[in-house]
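Everything on this sheet refers to the single structure shown next.
Computed from heavy atoms alone, side chains included, the values below leave out hydrogens, waters and symmetry copies. Because the structure is a prediction, the values reported are computed rather than measured. In the text below, chain A, chain B and the rest are named by the order of the sequence lines, each starting its count at 1.
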Amino acid sequence: MPVISTPSPDLSSILADWYHSEARDLPWRRKAFHARFGAWGTLVSEFMLQQTPVTRVIPRLEAWLERWPTPTAMSSATPAEVVQQWANLGYPRRALWLHRAAIEITARHGGDVPRNVEALLALSGIGDYTARAVAAFAFGDRHPVVDTNTRRVMARALEGRSQPGPASRRDLVTMKALLPDADDESAVFNAAMMELGATVCTSRAPKCERCPIAAQCAWLSSGRPDTGDDRRKQARYEGSDRQARGAVLKALRESDAGAVPLDAVIHDWTDLAQRDRAIDSLIADGLAEASEQMLRLPR
DNA sequence: AATGCGTGGCG
DNA sequence: TCGCCAAGCAT
C-alpha cells in the first residue's frame, strides 16, 4: 500500500484552483484592461465598486475611462462633469472623492497612481479596502484585502458564524495571516476570497454544495447554525432624507439648462422641510451650489 | 464607534 | 410587496 501519502492541499491552493476555473470574467480582471488603463483603471473600478453592485458598474466603467484615461486627464474636469458622468451609480460623494484623488495623484505623484499603501491611504476616498485592493490587484503586492465578502468567508470558515460581526481592523490581521508567502499567489488568494463570498458564500442562501472549501468550513461542519447577526440594519430608504437628496441631484443631472430654479427643485415633494434639508446638505457636501435663486451642479 | 450616505435587483 | 443587500468611506 502507498507509503507516500499525498499531502492535503492547503487552503490557498484549493482556492487558487477554484478561482482559475470558476471566477467570473470581469472587465478589470482582463489583461487588456490593465494594458489600457493601468493602475488608474483598477482604482476607478474600485471606487465604483464601493457599495455598488458589479452588474451596475460594468456598463459605466469603460465610458468613464475613455473620457478620462488618466488621473491627469480627470484632474482638469469640473466637479459638475464628474457628478454628471457618475450618473446613478449611487453615493455621489464618491465621484467627488475620486475627482479629488485624481487631483492629488497629479499633484503629489506626477500623475501616477502610487503603489505604496500609505500613499494610497492618504488619497481622498481611499480607505483600508481600496488602498490594499489597488496595491494587490494593480501592482501585485502582498497585502490583506478585506471587504464584506472576505469578512463573511472568514466568519464562516474560521469562526463558524453565520454572519461576520461589525467591520474591525483586526480583520486585517486575520486575513494577513492567511496570505500565501508569494506576492502573486497572495493577490490570487485575495481575489478568490472575494469571489467566493460574492458568488458562493453569499449572505443569504449560500451555495455550500458548490463551495471548494466546504470540507474545512467550521460553519458548515457544525450544521450551519444561525449565530445571529449583529450588523447594523440599513435604514429605510423610502421617505428618507437620502431619497430626497437623490431626487434633487437627479433633477440637477437631468437639467438641460444646467441649473434649476430653487423653488422648482422637486416641486412636487410633499415634505418641504425635508426638501430644504436635502438642498442644504448637498450644498454643504459640495454636490450642488446655489446662486441667484438657481441650483446647479458645482463648477 | 456609530451614523449618514444612493440606487436598483432580487427572493 | 417589501426588506435585504451590494468590492466602503469620512466624520
Side-chain angles (χ1 to χ4, degrees), chain A residues 23-24 26-29 41-61 83 86-101 120-138 143-153 162-172 175 187 190-199 201-207 229-253 274 277-278 280-282 284-288:
Chain A
R24 294 165 295 174
L26 301 174
W28 44 90
R29 290 177 178 164
T42 304
L43 191 154
V44 172
S45 73
E46 294 299 347
F47 262 87
M48 290 186 172
L49 288 163
Q50 292 170 3
Q51 297 280 277
T52 298
V54 164
T55 52
R56 293 182 52 207
V57 166
I58 289 175
R60 312 305 311 278
L61 178 61
V83 171
W86 192 260
N88 63 344
L89 283 175
Y91 290 148
R93 295 194 289 197
R94 288 181 293 155
L96 292 183
W97 291 336
L98 176 54
H99 184 223
R100 285 181 208 140
L120 286 162
L121 283 169
L123 299 172
S124 295
I126 293 193
D128 285 326
Y129 166 74
T130 305
R132 290 171 178 81
V134 170
F137 302 141
H143 299 285
V145 181
V146 175
D147 76 332
T148 187
N149 292 304
T150 59
R151 292 199 313 108
R152 185 171 51 249
V153 172
S162 51
Q163 294 290 347
S168 157
R169 298 197 90 257
R170 281 199 312 279
D171 301 333
L172 279 177
M175 185 71 178
N190 281 314
M193 289 283 281
M194 292 173 62
E195 183 71 4
L196 189 66
T199 62
C201 192
T202 50
S203 186
R204 286 180 298 178
K207 305 166 186 69
D229 185 351
D230 45 356
R231 294 173 302 166
R232 188 168 53 95
K233 244 186 311 191
Q234 213 168 67
R236 180 179 183 81
Y237 184 64
E238 195 66 27
S240 68
D241 283 12
R242 286 157 71 180
Q243 185 184 37
R245 283 169 56 105
V248 170
L249 207 56
K250 178 178 164 69
L252 296 186
R253 284 197 310 261
Q274 184 179 58
R277 229 170 21 245
D280 288 345
S281 71
L282 285 170
D285 287 350
L287 283 163

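Looking at residues two or more places apart in sequence or on another chain, you find a side chain to side chain donor-acceptor pair (under 3.5 Å) between A/Arg277 and A/Asp241. Shown here are the side chain to side chain contact (heavy atoms under 4.5 Å, CB included) partners of A/Ala167, two or more places apart in sequence or in another chain: A/Arg151. Shown here are the side chain to side chain donor-acceptor pair (under 3.5 Å) partners of A/Lys250, two or more places apart in sequence or in another chain: A/Glu254. For A/Asn190, the side chain to side chain donor-acceptor pair (under 3.5 Å) test picks out no residue, with sequence neighbours left out. Judged as a side chain to side chain contact (heavy atoms under 4.5 Å, CB included), and not counting sequence neighbours, the contacts of A/Asp128 are A/Leu121, A/Arg132, A/Arg169, A/Leu172. A/Arg170 is linked by a side chain to side chain donor-acceptor pair (under 3.5 Å) to nothing, counting only residues two or more places apart in sequence or in another chain.
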- Query: Taking protein heavy atoms under 4.0 Å as touching, what does nucleotides 2-11 of chain C look like 5' to 3' if B marks base contact, S marks sugar-phosphate-only contact and - marks none?
  - Reply: -BBBBBBSS-

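Taking the P atoms as reference points, B/dT3 lies 23 Å from C/dA7, given to the whole Å. When the P atom is used for both C/dC9 and B/dG8, the distance is 23 Å, rounded to whole Å.
You can see that DNA chain B meets the heavy atoms of chain A within a 4.0 Å-exclusive cut from B/dT3 to B/dG8, reading 5' to 3'.
The salt bridge (Lys or Arg N to Asp or Glu O under 4.0 Å) pairs that include a residue from residues 51-60 of chain A number zero, where partners must be two or more places apart or lie in different chains.
There is a side-chain donor-acceptor pair under 3.5 Å between A/Asp147 and A/Thr150.
When heavy atoms are screened at a 4.0 angstrom cut-off, A/Tyr237 is found touching base atoms of the nucleic acid. Using a 4.0 Å heavy-atom cutoff across all strands shown, A/Pro166 reaches no nucleic acid atom at all.
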